[in-house]
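The next block holds one structure in the form of structure tokens; read it before the comments.
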Amino acid sequence: MTNGPGLSRRDFLHASGAAGIVAMLASSGLLGACTQQQLQDFLNRIHNRPVRKDIATLSPTDPVIQSFKRAVQAMKALDPSDRRNWTNQATIHNDFCPHHNWLLLPWHRAYLWYFEEICRELSGDNNFALPYWNWTANPTIPAVFFDPASSLYDANRDKGPSDTISAGYVGTSVINGILGETNFLNFASGPIDVNADQRTSNYQSPLEATPHNNVHTFIGGDMGTFMSPLDAVFWTHHGRVDELWVEWNIIRGNANSSDGAWASRHFTEFCDRHGNPVDVTVFATVLMPFFNYRYDTQTP
Ligand code: C2O
């Protein structure tokens with residue numbers, strides 16, 4: 001999605017809520033170039049975009065879980081020359097993930113989105129959306145990750161199905177404190193220069209330092225390393241982190257950074273559903289929960 005005539009990046013970054021985006025598109029005259037039918041199809045596609053669901057609401061036989069298992073199994077079986085291969089996907093994280101700075105949230109959002117696309121392709125389920133793990137409501141690792149016969153299993157974990165993460169890391173009062181922060185930099189971690197290496201360290205926000213880091217170290221094994229996406233729990237853990245960004249930005253209407261040094265960053269290390277390299281900007285990731293997917297906590 002690119003900027004249309006009459007729309008500035010600022011407009012998008014400051015529009016809060018889907019209603020705001022649609023009103024802005026309408027007033028821009030941009031939609032006047034479409035036929036009624038094209039406009040209707042476009043709006044229907046957005047309205048019906050895949051929904052990321054809380055994994056606690058899904059039974060083990062739910063089609064979402066079945067598709068997730070099928071996709072991961074297929075990724076594990078792919079040739080190492082294919083960028084979509086399971087280990088290659090984790091290596092992208094190992095080699096490029098930014099932490100301790102304001103690229104944390106957009107980078108992991110883009111990473112999950114392209115992974116989700118690969119899952120659609122390899123599961124054959126084109127409506128597939130990644131489930132997320134709400135560790136605030138359910139502070140134990142979801143049961144589906146403990147079936148040794150499943151592709152979602154990882155033998156290399158320190159914790160079992162009944163171990164509980166401390167409320168001091170993921171509990172309601174900690175999360176409410178994080179969501180109550182109104183300054184983007186304090187919510188999303190600190191700024192780095194436009195030309196700085198994307199792994200430059202600045203400030204770690206409480207969102208990053210408290211629930212994010214501690215869920216990784218609590219699970220341990222692969223999750224305690226930069227190869228953490230080798231454990232399928234990773235994708236549902238980061239789904240929750242992304243869902244909290246949606247809650248903060250879209251549902252509560254807090255503004256993301258309006259600094260071009262943030263919005264204009266490009267990431268070129270991901271690949272699309274066919275394994276081809278892509279180029280994605282931070283700005284594009286801001287729009288993803290409006291156009292590409294939504295959480296079950298968002299209205300369509
Ligand atoms: Cu880049 Cu939670 O890891």
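Counting starts at 1 for both ligands and their atoms, in listed order. Model, not experiment: these values are computed from the prediction.
Of the residues Tyr203, Trp262, Trp102, the one that meets the ring pair (Phe, Tyr, Trp, His ring centres under 6.0 Å) test with Phe184 is Trp262.
Annotation: cation-pi geometry not satisfied between Arg83 and Tyr114 (NZ/CZ under 6.0 angstrom from ring centroid, within 45° of ring axis).
At a cut-off of 2.8 Å, His99 coordinates atom 1 (Cu) of ligand 1 through an N, O or S atom. At a threshold of 2.8 Å, atom 1 (Cu) of ligand 1 has a backbone or side-chain N, O or S atom of His108 nearer than that distance.
Trp133 places no side-chain N or O within 3.5 Å of a backbone atom of Ile55 that could act as its donor or acceptor partner.
Centred on atom 2 (Cu) of ligand 1, the angle running from His238 (NE2) to His216 (NE2) is recorded as 120°, rounding to 10°.
The CZ atom of Phe270 sits 11.0 Å away from atom CG of Asp279, with the distance rounded to the nearest 0.5 Å.
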